[in-house]
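Bear in mind the structure is a predicted one, so any value in this text is a computation, not a measurement.
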Amino acid sequence: MQPRFFAILTALLLGVLGLGSVAVTDWSPAAATSPAATTAPGGGAGARPAAVGGASATPTGDPAVWTRSTLRNKMMAEMDATDPGVALADLDKITKEKPYTVRFCHPIAHELGHAAVKRYHEDFQKVISFPHETCAAGYLHGAVEEMLNASTQPEVDLLKLCAPQNTGPCIHGVGHGTMFVAKQDVAKARDLCNKFTSDQNRIRCSEGLFMQLFGPDEEDEQAKANLPADKLAQDPLYPCKDQPSLFQSACFFYAPTFYLSSHDYPNHPEVYAEALKWCLNGKAGGGAADCSRGVGSRTMKYNLDREDWAAQQCATAADGWQRKACAEGLVSYYTVNYTDGGAAGRLCAKITNKEMQGYCRSAGGLSRSLD
């Protein structure tokens, strides 16, 4: 089986797991607009109202609108008072009740994993003894990161941490960890991923590597994205085309994460459609389809509570192949977040655009008709 097929298959299945069309892209963050909501295509809400410090509390004492910091502080306090299992269960409950929190629950789960390794004195088996699939296995990723960061022989230990099961989410977490060990040096992190003996596990590792590069843990100064402005001016999808073929798909898939965050996606809903145009910069290097899948995945992640609106963003692409790729990304993230067997069907049923609904059902392994 060819490495490119492995890469595409893995990116679709592990969408977390982990996106306009000018030659030179302005990567500086756009100025924030007024927090007032705007109207998005199809009548849905566009930019979401920004959470404010004075938001009224619910009867439970929780804020009416969660921010990353308020939810993070609650989860860390719960874990300190109880254990990771309690905090993760509550995080899962909140993300199910408030789907908009999904866009920042994964890095919060990462932090819980980091803290758990320190709490249990690097007893990895104890750390992962708690159910840890919440927020696309972010807790597991963070725990693996911390274990590798604390290791004196990371190039040896990275092969032991996930053994003998060597599950995809665990090796994805190793990929995140390689970037900590390599201090954001992609080539050095890639060499660590290459310690794995199979292409499948190297690809899984590369997914964590590039997810960490393009969407680092925002509160960790040592994990900030290392993307030189001059390189990005020459190649908007830097450094993807410079990667070995086995690593390119994951790079292109996660590159839109940085594009969206640096263009202030919460206050600029038009940026999703612009990201699809931006992905066309990858056509010459063969990465435009992977990039478009990545746009779909991030669009769904950041708009999990308005599925039809997310599909409408994919529908703005000029060509059918790109609309299809974007829909595949929508499905990949939705089914990673909602792991039950009926998730793809529920998503597709909410999409009103018939072409996009067909792409959705095809990506989800469903018949082309709802009947």
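- Between D319 and R323 there is no salt bridge, since no side-chain N of the basic residue sits under 4.0 Å from a carboxylate O of the acidic one.
- For Y272 and W309, the distance between ring centers is under 6.0 angstrom.
- Centroid-to-centroid, the aromatic rings of Y265 and Y302 come within less than 6.0 Å.
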Chi angles and distances behind the side-chain hydrogen bond (donor to acceptor under 3.5 Å, both in side chains) call for H110, H114: CA-CA 6 Å; H110 269 232; H114 280 277; 4.9 Å; no
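- Contact check on D191 versus K188 returns no salt bridge, with no Lys/Arg side-chain nitrogen under 4.0 Å from an Asp/Glu carboxylate oxygen.
- Side-chain contact, D230 with Q234: no donor N or O sits under 3.5 Å from an acceptor N or O.
- Sorted by first and then second residue, the salt bridge (charged side-chain N to carboxylate O under 4.0 Å, His left out) pairs with a member in residues 154-169 form an empty list; sequence neighbours excluded.
- Electrostatic pairing of K93 and D90 does not count as a salt bridge here, judged by no charged N lying under 4.0 Å from a carboxylate O.
- Listed by first and then second residue, the disulfide bond (SG atoms under 2.5 Å apart) pairs that reach into residues 245-278 are C240-C251, sequence neighbours excluded.
- We find that K98 and D305 are not joined by a salt bridge, their nearest charged nitrogen and carboxylate oxygen being 4.0 Å or further apart.
- Remark: aromatic rings of H176 and F180 are distant, center separation not under 6.0 Å.
- With ring centers used as reference points, H172 lies under 6.0 Å from H141.
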